[in-house]
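Taking it in order: structure first as structure tokens, then the write-up.
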Amino acid sequence: MSQHKQKELKKNVAAFAKPDQTVGIRQLINTLVPFFLLWFAAYQSLAVSLWLAVPLAMIAGVFVIRIFIIFHDCTHMSFFQNQKANRITGTITGILTLFPFEKWKRDHSIHHATSSNLDKRGTGDVWVMTVEEYVAASFWTRLAYRLYRNPLIMFGLGPLYLFCLSNRFNRKGAKRKERWNTHLTNGSIAVIYALMIWAIGWQAFLIIQLPILYVSGVLGIWLFYVQHQFEDSYFEDESQWDFVKAAVDGSSYYKLPKLLQWVSGSIGYHHVHHLSPRVPNYKLEEAHESTPPLQKATTITLLSSLKSIRFRLYDTANKTFVSFKEVKPLLQKPRTGFQDQ
């Protein structure tokens, strides 16, 4: 794609980067109200059956994904026109989803600025090693990477790490506003959880809240993982990296059934989002449908997305993800290029 066409594409999509306060408020209502009603229904159901309460809590966990998308838009200052409204809404939804607004806002902005750039990995993204790096790595680094990419670790322990460790502590060198926002988020969560435990008891609280957090954590990690880990995803060195190509070719269009698209805040239109982060979630579909070049982005479905589990290492020579099994023979010849096999 020529530079002229890239500029034209960005300009066309930027036309949708206009927050609508009415739509935003309506989305808050149709997201938060069902979530709290489901939470209350799950609590009330404990008097009937645990087998009724837990499924209701799990459905509430699905709505946490939609709350997170609102939080996510607020970190891009795209949910409302007013920046103060974005910060307040983002901080509140961050407390509900256990994400500190300022900390995640910074990390996620770096992710957008460096996505698919092989020389700038490590902040706000999924750990990706190239075949060459993996072959040259020490035994312990390979082991750590294999554990990290293991589905049982990533989706089993991942939510626990995210909610209890990663989101709870400030990075070294964080600015004052970022530090205080994390403290505010942590303090608010502690107070709310303490009050809930006091009101309904720790057992009832954990029976409801743990399934909510686990379901939302697993689904959230999956959505983030699958939209950049597809077979012919785009990755390049800094010298060859291109922002538009990284957005359109390095992010997928996750074509979901309408109900799942609604619950996930249309984040499946990830290529649109990466091309223009200021487009609010409620305009992503319209931007996609109105821009023919974007419709050529890699499309994955619920079924085809399951294949991404076996994509572990990026082969820079063939521009594709490969499995550990495919690379195993190279471990005996660490100096041999993957393309020669």
Side-chain donor-acceptor pair present, T301, S304, cut-off under 3.5 Å
yes
Short side-chain to backbone donor-acceptor contact, K283 and K18, under 3.5 Å:
yes
According to the interplanar angle, ranging from 0 to 90°, do the rings of Y148 and W127 count as parallel (below 30°), tilted (30 to 60°) or perpendicular (above 60°)?
perpendicular
Hey, mind stepping through K325 and R310 against side chain to side chain contact (heavy atoms under 4.5 Å, CB included) and telling me if it holds?
CA-CA 9 Å; K325 184 178 180 180; R310 64 182 177 85; over 6 Å; no
Look at the rings of Y43 and F40 and say which category their plane angle falls in: under 30° parallel, 30 to 60° tilted, over 60° perpendicular.
tilted
Does any donor atom in the side chain of R146 or Y134 lie under 3.5 Å from an acceptor atom in the other side chain?
yes
So which of N167, T91, N186 actually passes side chain to side chain contact (heavy atoms under 4.5 Å, CB included) with P100?
N167
Any idea which heavy atoms bring A287 and V272 closest together, and the distance?
CB-CG1, 3.7 Å
Shortest non-hydrogen contact from V226 to S308?
CG2-OG, 3.6 Å
Is it the case that more than 12 heavy atoms not belonging to M58 sit under 6.0 Å from its CE atom?
no
Contact between L96 and V64 at the side-chain level, heavy atoms closer than 4.5 Å - yes or no?
no
A side-chain contact here means heavy atoms from C-beta on lying under 4.5 Å apart; do L32 and F36 qualify?
yes
For atom OH of Y193, decide whether the heavy atoms of other residues, nucleotides or ligands shown that lie under 6.0 angstrom number more than 12.
yes
Side chain to side chain contact (heavy atoms under 4.5 Å, CB included) for Y269 and Y254? Distances and angles first, verdict last.
CA-CA 6 Å; Y269 294 96; Y254 200 5; over 6 Å; no
Salt-bridge criterion met for E102 and K175 (N-O under 4.0 Å):
no
Could you check whether any side-chain N or O of D125 sits under 3.5 Å from a backbone N or O of G122, counting only pairs where one atom can act as donor and the other as acceptor?
yes
Please test K10 against F243 for side chain to side chain contact (heavy atoms under 4.5 Å, CB included), starting from the C-alpha separation and ending with a verdict.
CA-CA 10 Å; K10 290 175 67 175; F243 176 83; 4.3 Å; yes
May I ask you to decide if H288's main-chain N or O and Q295's side chain share a donor-acceptor pair within less than 3.5 Å?
yes
Measuring from atom CD1 of I67 to atom CD of Q27, what distance do you get when rounded to the nearest 0.5 angstrom?
11.0 Å
Test item: D237 side-chain N/O and S239 main-chain N/O as donor-acceptor pair under 3.5 Å:
no
Side-chain donor-acceptor pair under 3.5 Å between R87 and N181, yes or no?
no
SG/C74 to CH2/W104 distance, rounded to the nearest 0.5 angstrom?
11.0 Å
Residues, nucleotides or ligands: over 12 heavy atoms within 6.0 Å of Q21 CD
no
Any donor-acceptor N/O pair, N86 side chain to F80 backbone, under 3.5 Å:
yes
Presence of salt bridge, K307 and E231, under 4.0 angstrom:
no
Do you reckon L28 sits in the same ILVMFWY cluster as I92, going by side-chain contacts under 4.5 Å, direct or chained?
no
Single-linkage hydrophobic cluster, 4.5 Å side-chain cutoff, L157 and I212 together:
no
Would the distance check show the side chain of D73 and the main-chain N or O of P280 forming a donor-acceptor pair, the cut-off being under 3.5 Å?
no
CD-CG distance between Q261 and L259, expressed to the nearest 0.5 angstrom
10.0 Å
Distance in Å, Q227 CD paired with H271 NE2, rounded so as to fall on 0.5 Å steps:
9.5 Å
May I ask you to decide if the ring planes of H111 and F224 are parallel, tilted or perpendicular, using 30° and 60° as cut-offs?
tilted
Taking the side chain as every heavy atom from C-beta outward, state whether S264 and L219 have any atom pair closer than 4.5 Å.
no
For atom CD of Q240, is the number of surrounding heavy atoms from other residues, nucleotides or ligands below 6.0 Å larger than 12?
no
Heavy-atom closest pair (E238 atom, D119 atom, distance to 0.1 Å) is N-OD2, 2.7 Å
At what distance, to the nearest 0.5 angstrom, does CD1 of I207 lie from CH2 of W202?
8.5 Å
Check the angle between the aromatic planes of W262 and F63 and answer parallel, tilted or perpendicular using the 30° and 60° thresholds.
perpendicular
For side chain to side chain contact (heavy atoms under 4.5 Å, CB included), just list the numbers for M129 and R149, CA-CA rounded to whole Å, side-chain angles, deciding distance to a tenth of an Å, and then say yes or no.
CA-CA 10 Å; M129 289 185 76; R149 302 286 294 203; over 6 Å; no
As an exercise, state the distance from OG1 of T89 to CZ of F71, rounded to the nearest 0.5 Å.
12.0 Å
Is the closest side-chain heavy-atom distance between E132 and T316 below 4.5 Å?
yes
4.5 Å side-chain heavy-atom contact, L9 and V248:
yes
Within a strict 4.5 Å, meaning less than it, do heavy atoms of the L284 and H270 side chains meet?
no
With side chains defined as the heavy atoms from C-beta onward, is the minimum distance between S290 and F16 less than 4.5 Å?
yes
Charged N to carboxylate O under 4.0 angstrom, E236 versus K319?
yes
Residue pair N170 / T182, side-chain donor-acceptor N/O under 3.5 Å
yes
Quick check: is Y314 connected to Y225 through a chain of hydrophobic side chains (ILVMFWY, heavy atoms under 4.5 Å apart)?
no
If you look at every heavy atom in M154 and P159, which pair is closest and at what distance?
O-CD, 3.9 Å
Decide ring-ring contact (aromatic ring centres under 6.0 Å, His included) for F235 and F321; before the verdict, give the C-alpha distance in whole Å, the side-chain angles of both, and the deciding distance to 0.1 Å.
CA-CA 10 Å; F235 282 91; F321 271 100; 5.8 Å; yes
Do the side chain of N82 and the main chain of K84 share a donor and acceptor less than 3.5 angstrom apart?
yes
Can you name the closest pair of heavy atoms from S216 and F163 and give their distance?
OG-CZ, 4.1 Å
For V322, is there any backbone N or O sitting under 3.5 Å from a side-chain donor or acceptor partner on D315?
no
Within the side chain of S109, is there an N or O that forms a donor-acceptor pair under 3.5 Å with the backbone of R106?
yes
Between S252 and I300, what is the shortest heavy-atom contact and its length?
OG-CD1, 3.5 Å
Can you classify the ring geometry of H183 versus W180 as parallel (below 30°), tilted (30 to 60°) or perpendicular (above 60°)?
perpendicular
With a 3.5 Å distance limit and no angle check, can you tell me whether Y234 reaches the backbone of S251 through a side-chain donor-acceptor pair?
no
Say whether L306 and F324 are linked into one hydrophobic cluster, either directly or through other cluster members, by side-chain heavy-atom distances under 4.5 angstrom.
yes
Can you tell if the side chain of F155 reaches within under 4.5 Å of the side chain of I309, non-hydrogen atoms only?
yes
Does one hydrophobic cluster hold both Y161 and L223, with members joined at side-chain heavy-atom distances below 4.5 Å?
no
